[in-house]
Amino acid sequence: MPRQRLPRRGVRQSGSRRPGRLLHSGSFMDAREERTALEKKWQARWVADRAAFVDTHDPSSKGTYLLVMLPYPSGDRLHVGHARTYFLTDALHRYLKQRGETVFCPMGWDAFGLPAENFAIQRGIPPRESTLANIAAMKEQFDGWGVLYDWTKEVTTCEPEYYRWNQWLFLRMVEKGLAYRKKGTVNWCPSCLTVLANEQAEGGTCERCKSPVEQRELEQWFLKITEYAESLLAGLDQLGKWSEKVRAMQRNWIGRSVGADLDFDVPKLGEKLRVFTTRPDTVFGATAMILAPEHPAVPRLLEGHPERAALEEWVKGVRSQDRLQREAEGAEKDGRFTGAYAVNPFSGEEMPIWMANFVLAEYGTGAIMAVPGHDVRDHEFATKYGIPIREVILRPEGADASVACWTGEGTMTASGPYDGMSSEAGREAIAAEAAKRGIGGARVRYRLRDWLISRQRYWGTPIPMVKCPACGWVPVPDDQLPVLLPKDAPFTGKGGNPLEKVEAFLKTSCPRCGGDARRETDTMDTFVDSSWYYLRYLDPANDEAPFDPAVIARWAPVTQYVGGIEHAILHLLYARFFARVMKDLGLVSFEEPFAALFNQGMITRMSPGGRIEKMSKSRGNAVSLDPLIAAKGADAVRAYVLFLGPPESDAEWTDEQIAGPERFLYRVVAFVEAYLRSHGTAPLVPRSPDSPAARKRHIAVRTLTHDFDAFSFHTAVAHLMEFSHHVAGLVGDAEADPGETRASVLTLLALLHPIAPHLTEELHERMGETRSLLVSGWPTFDPALAVEESVTIAIQVSGKLRGQAVLPRGATREEALAAAEGLEAVAKWLEGKERVKVVFVPDRLLNVVVK
RNA sequence: GCCGGAGUGGCGGAAUGGCAGACGCAGGGGCCUUAAAAGCCCCAGGCCUGUAAGGGUCGUGAGGGUUCGAAUCCCUCCUCCGGCACCA
């Protein structure tokens, strides 16, 4: 929009009517009931018109796949804090439809999960019953917001029609060795009574309930996400339409490290123990080997030790600590000498083998070589326990000599044949030598761990495996899917998973030998459900396959995904993993499920305690949507939520500020009604294609097109307010060209439609237009007309603003200079000065530099 | 510690090398009204100066740099938010 102000004239000011009530009596905005009835009318119309329906099976169908993360059907009513992602997506949906695109925008329910099960324990209402009731309630809320979804594609993940394909995909992964059972140290949430994936125990606390997680030794089902670590990392570079923030978070989480594996001979065991190090160049400085207390060699190393019992007690103590304690910042390093020794394969020296709490069993080999001279953690440990500290890297000149432990690069020394080599070159040389001697070699490792998907809970997808006393774990054959979740499980909240008490479920026969066998009673992590749901939307009724690959080839991957940042690692990483697995299974042809990702910011609000924090029911700062929409109208609430600020940033909700967008919409209704009273519904055409008003109209179209393309909904509302002031002026101006006025009104309604769909449709209809705004097209602009005829350029003298000149568009440097010299305010700064140069930016600025 | 993002009026924010503060909230003045509410119009970053119109000057976390010109680009630093973190 132009920088200078548009005339701020309301409909009353320039008209002859006396100022008074803004709205003509009888306006539909007057009565709440009437306005609500009109909202219902248009919501019903969009349903009747099948406005959001897309025939994905039509072989010629193609278009934009716009997706919002599927919600969990909670029993609480959705509040303002939830609404932003849906309003934003709907504005985009409508804009794209107006542009003439075919847009597929479905909705569904992430319906499995703990709250429904806990509700069953507390209130005795079966999970399926409460979940379906919650879905019905949420759907009703969506209907009242005027958001468009293709409900014919609705997916509910707790229904067997959906979860049987979780089971089917799991079985394919079993076949590929990507799903496997492993005993290991796992995260246990004592409050949720289940194990958790590493991603759900970030920072040592349960992602759902925030309880500190405990470590337990259990045998569980895992998915081999680590197999794809490199691909998941490399793929991030291609995701240019994802925020750098999310990509950085995933990179951190995957945690790639380049280094080397090295084998150290352990005479006592008669075998080698392998360590992983990122600094093989410091191997001559290794003065100890340190094992995680969980390392499998520990019991054998302790054999025959005089204080074996005490040492084993110490190991037990470390292992029983929860992760929060053990990994806390500044946690005391604690270790014990095993009494055994290892031989450094490069220096040939004997080094003591220690155990220590800071060495993690799950990372690398669970064993390290300690180089106290060049690693701060080893340095701290060695200082505490009197382990020798040896420097084998000479610091570069000018390096800070006061640093006790140099961890940077340098020149190798006291390293035998490698002396004088740079540390960078030494890393490669040592790794290569290790490979040559068959004792390790260069190695890349990742922080990422395999995805633990077993859950000791009822309300999830049953894992389709059978434990046979004779055959071991046997997959359920495809033709016996789905393994149905029994409806009659006893919910006591005690004694573990209710499935264990359902005999009819538990008892089965072995698919292989036919003997008596037991079903797996663990269910799948609900993140499995959301890892591929976006494909099921495209073909939700398919009962022969999870989806038809031909449909997927036309419509996937998702063009634009919208959701909160809280899934930056969890859901988004799992879905990227699943896409890769499905590609390897030949089901899809892409690796990245979501071509573009938009993360909307949270809505915050002042809590009763005076803090501004995320809006939520539990913090007591939630604003209920239902009464707000009843009072202000869905359009006003939408407009305000979108006006709050940049959609990617957090935005503070204040109850007062809704007044601005609300007044804006009232004014639009008022001047359109005024137009109808003065001009009626007759179709009229502008007299001149390039009048100043026509130019303003073209400018508005250009500006709003740009705003919506850029997801800049808050500036879109601001620019619509500006344009509406202008249109109000036209409506109230008896001299204005009626054809241009009508064109401007209709343009405003079309541009405003994505924000305020109900009232724009209603006014558009009252203007005599018969087709819905959704199908009547987005206004177009002519770039040649989307500019003002005359421009105000800034006149600077030596870079300081001294005046302004109004010039015809395209005025030359000479014309601008002449105009500048004619301004007294400018002339006085030029007088008696020598001109050094003149900078001229056409249509913007003239800068005369003087000395 | 490492990685990512952000600091602009009383407030939300706009401007991505070219008139800082668009649009709105709250505020002040006016109109309308018996009055109020609602609505409409106008004003509105700080300081200095002037009876006024106006003029001057400073100003986008701090300091420096590049440029005719910097909120915007570069360097150093500070603060805040988010992620990872005893990951060898």
Side-chain angles (χ1 to χ4, degrees), chain A residues 1-6 8-13 18-23 202-203 243-253 255 257 259 275-279 290 326-333 356-360 362-371 375-378 380-381 445-449 565 568-569 640 643-646 648-661 663-664 666-667 670 712 714-722 725 792-804 825 828 836-839 841 843-850:
Chain A
M1 293 301 264
R3 287 183 146 267
Q4 69 260 49
R5 286 192 172 190
L6 291 166
R8 299 221 307 174
R9 289 181 302 171
V11 57
R12 296 291 173 182
Q13 191 222 5
R18 289 169 60 222
R21 283 189 56 84
L22 173 71
L23 291 171
E202 278 179 72
S243 68
E244 186 51 39
K245 179 175 184 162
V246 171
R247 290 189 288 162
M249 283 167 75
Q250 292 213 357
R251 265 186 217 110
N252 277 340
W253 188 259
S257 296
V275 303
F276 174 66
T277 176
T278 53
R279 293 296 301 272
I290 311 179
R326 187 163 160 188
E327 294 178 10
E329 189 168 2
E332 176 84 2
K333 287 190 175 41
N357 61 347
F358 71 94
V359 178
L360 306 174
E362 320 89 70
Y363 185 74
T365 60
I368 63 166
M369 64 175 197
V371 185
D375 181 285
V376 290
R377 297 152 304 183
D378 297 346
E380 186 189 334
F381 189 74
R445 289 193 183 268
Y446 303 89
R447 215 187 67 95
L448 183 70
R449 312 269 198 277
I565 192 82
I569 294 172
Y640 178 45
F643 187 60
L644 279 173
E648 69 278 9
S649 310
D650 291 352
E652 188 190 340
W653 175 280
T654 51
D655 297 347
E656 300 75 38
Q657 295 217 43
I658 194 172
R663 283 198 275 256
F664 157 57
Y666 267 73
R667 273 193 295 264
S712 190
H714 65 309
T715 55
V717 175
H719 291 138
L720 285 163
M721 288 172 172
E722 282 189 9
H725 285 302
T792 306
I793 72 166
I795 310 294
Q796 296 183 340
V797 178
S798 293
K800 285 200 185 292
L801 181 72
R802 297 300 179 190
Q804 295 180 325
K828 77 176 189 188
V836 180
K837 79 194 265 195
V838 176
V839 180
V841 182
D843 298 334
R844 303 213 70 151
L845 160 143
L846 181 80
N847 184 10
V848 183
V849 185
V850 297

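Letters A, B, ... mirror the listed sequences (proteins, then strands); counts begin at 1.
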Q) When rounded to the nearest 0.5 angstrom, what is the spacing between CH2 in A/W653 and CD1 in A/I658? A) 4.5 Å

Contacts under 3.5 Å, N or O only, protein and nucleotides 9-13 of chain B:
residue, atom, partner, partner atom, Å
B/G12, O2', A/L644, O, 2.8

Q. Roughly how far, to the nearest 0.5 Å, is the CG atom of A/D655 from the OH atom of A/Y640?
A. 7.5 Å

**Q.** Protein-nucleotide distance (A/F664, atom CZ; B/C25, atom C1'), rounded to Å
**A.** 16 Å

Q) A/N252 has an atom CG; how far is it from atom C1' of B/G83, in whole Å? A) 6 Å

(Q) With rounding to the closest Å, how many angstrom separate the C1' atoms on B/C11 and B/U51? (A) 35 Å

Q: Taking only the side-chain nitrogens and oxygens of A/R447, find out if one of them lies under 4.0 Å from OP1 or OP2 of B/A88.
A: no

Q: Return the nearest nucleotide to the side chain of A/R667; candidates are B/C23, B/G24, B/C3.
A: B/G24

Q: Compare the minimum distances between each of B/A22, B/G56, B/G18 and the side chain of A/R844, then state the nucleotide with the smallest one.
A: B/G18

Q: To the nearest 0.5 angstrom, please state how far the OG1 atom of A/T278 sits from the CZ atom of A/R445.
A: 12.0 Å

Q: Dot-bracket notation for RNA chain B is requested: 5' to 3', Watson-Crick or G-U wobble pairs only, both distances under 3.5 Å, with ( ), [ ], | and . as defined.
A: (((((((..(((.....[....))).(((((.......))))).(((((....)))))..(((((..]....))))))))))))....

**Q.** Gap between atoms CH2 and P, on A/W653 and B/G24 respectively (whole Å)
**A.** 18 Å

Q: Kindly indicate whether the side chain of A/E656 and the base of B/C25 share any N or O donor-acceptor pair separated by less than 3.5 Å?
A: no

Q: Identify, with sequence neighbours excluded, every residue that meets ring-ring contact (aromatic ring centres under 6.0 Å, His included) alongside A/F664.
A: none

Q: Establish, with yes or no, whether the OP1 or OP2 oxygen of B/C19 is under 4.0 angstrom from a side-chain nitrogen or oxygen of A/R802.
A: no

Q.
To the nearest 0.5 Å, what is the distance between CD on A/Q796 and CG on A/L846?
A. 9.0 Å

**Q.** Candidate list A/T277, A/D378, A/D375, test side chain to side chain contact (heavy atoms under 4.5 Å, CB included), partner A/I368, passing option
**A.** A/D378

Q) How long is the line joining NE2 of A/H725 and P of B/A22, in whole Å? A) 13 Å

Dump the pairs, protein N or O against N or O of nucleotides 65-68 of chain B, anything under 3.5 Å, distances to one decimal.
residue, atom, partner, partner atom, Å
B/C68, O2', A/N847, ND2, 3.4
B/C68, O2, A/N847, ND2, 2.4

Q: Answer yes or no: is there a side-chain heavy-atom contact under 4.5 Å between A/V717 and A/M721?
A: yes

Q | Residues that A/W253 engages under ring-ring contact (aromatic ring centres under 6.0 Å, His included), provided they are two or more places apart | A | none

Q.
Please report the distance separating the C1' of B/G21 from the corresponding atom of B/G46, rounded so that it comes out in whole Å.
A. 13 Å

Q: Report the nucleotide, chosen from B/A14, B/C3, B/C86, that has the shortest atom-to-atom distance to any side-chain atom of A/N357.
A: B/C86

Q. Can B/G9 be described as syn, meaning its chi torsion is within 90° of 0, or is it anti?
A. syn

Q: Check whether any side-chain heavy atom of A/R251 sits under 4.5 Å from a side-chain heavy atom of A/E244, and report yes or no.
A: yes

(Q) I need the A/N252 CG to A/L448 CG distance, nearest 0.5 Å. (A) 12.5 Å

Q | Options B/C19, B/G83, B/G18, nucleotide nearest the side-chain atoms of A/L801 | A | B/C19

Q: Could you check how far CD of A/E332 sits from P of B/C86, rounded to whole Å?
A: 15 Å

Q: Check whether any side-chain nitrogen or oxygen of A/R663 sits under 4.0 Å from OP1 or OP2 of B/G39, and answer yes or no.
A: yes

Q: Let me know the distance between OH of A/Y446 and C1' of B/A88, rounded to the nearest Å.
A: 17 Å

Q: Could you pick out which residue, A/G660 or A/F358, lies toward the 5' side of RNA chain B when each is mapped onto its nearest nucleotide?
A: A/G660

(Q) Taking ring-ring contact (aromatic ring centres under 6.0 Å, His included) as the definition, give me every residue that meets it alongside A/F358, ordered by chain and number, with sequence neighbours left out. (A) A/F381

Q: Consider the side chain of A/A248, meaning its heavy atoms from C-beta on, and name the nucleotide among B/C3, B/C25, B/C19 that approaches it most closely.
A: B/C3

**Q.** B/G59 versus B/G50 - spacing of their P atoms, nearest Å
**A.** 23 Å

Q: May I ask you to say what A/R449 touches in the nucleic acid, namely base, sugar-phosphate or nothing, with a heavy-atom cut-off under 4.0 Å?
A: base

Q: Rounded off to whole Å, could you give me the NZ-to-P distance for the A/K828 and B/G54 pair?
A: 13 Å

Q. Roughly how far apart, to the nearest Å, are B/U76 and B/C3 at atom P?
A. 13 Å

Q. Looking across every strand, which nucleic acid part, if any, lies under 4.0 Å from A/V275 by heavy atom: base, sugar-phosphate, or nothing?
A. nothing

**Q.** Interatomic distance, A/I569 CD1 vs B/G4 P [rounded to whole Å]
**A.** 15 Å

Q) With a 4.5 Å limit on heavy-atom distance, are the side chains of A/R802 and A/I795 in contact? A) no

Q: Check A/V838, A/V797, A/V836 against A/V850 for a side chain to side chain contact (heavy atoms under 4.5 Å, CB included) and give me the one that passes.
A: A/V797

Q. Can you tell me how far P in B/A71 sits from the matching atom in B/G17, rounded to whole Å?
A. 13 Å

(Q) Side-chain N or O of A/K800 versus OP1/OP2 of B/C58: is the shortest distance under 4.0 Å? (A) yes

**Q.** Rounded C1' spacing from B/U60 to B/U72 in Å
**A.** 10 Å

Q: Pick the P atom in B/C2 and in B/G9, then give their distance to the nearest Å.
A: 30 Å

Q.
So if I take every side-chain heavy atom of A/E244 and compare against B/C58, B/G5, B/G55, which nucleotide ends up nearest?
A. B/G5

Q: Could you grab the distance from atom CG of A/L845 to atom OG1 of A/T792, nearest 0.5 Å is fine?
A: 12.5 Å

(Q) For the P atoms, the ones on B/G10 and on B/A22, what distance do you get once it is rounded to whole angstrom? (A) 14 Å

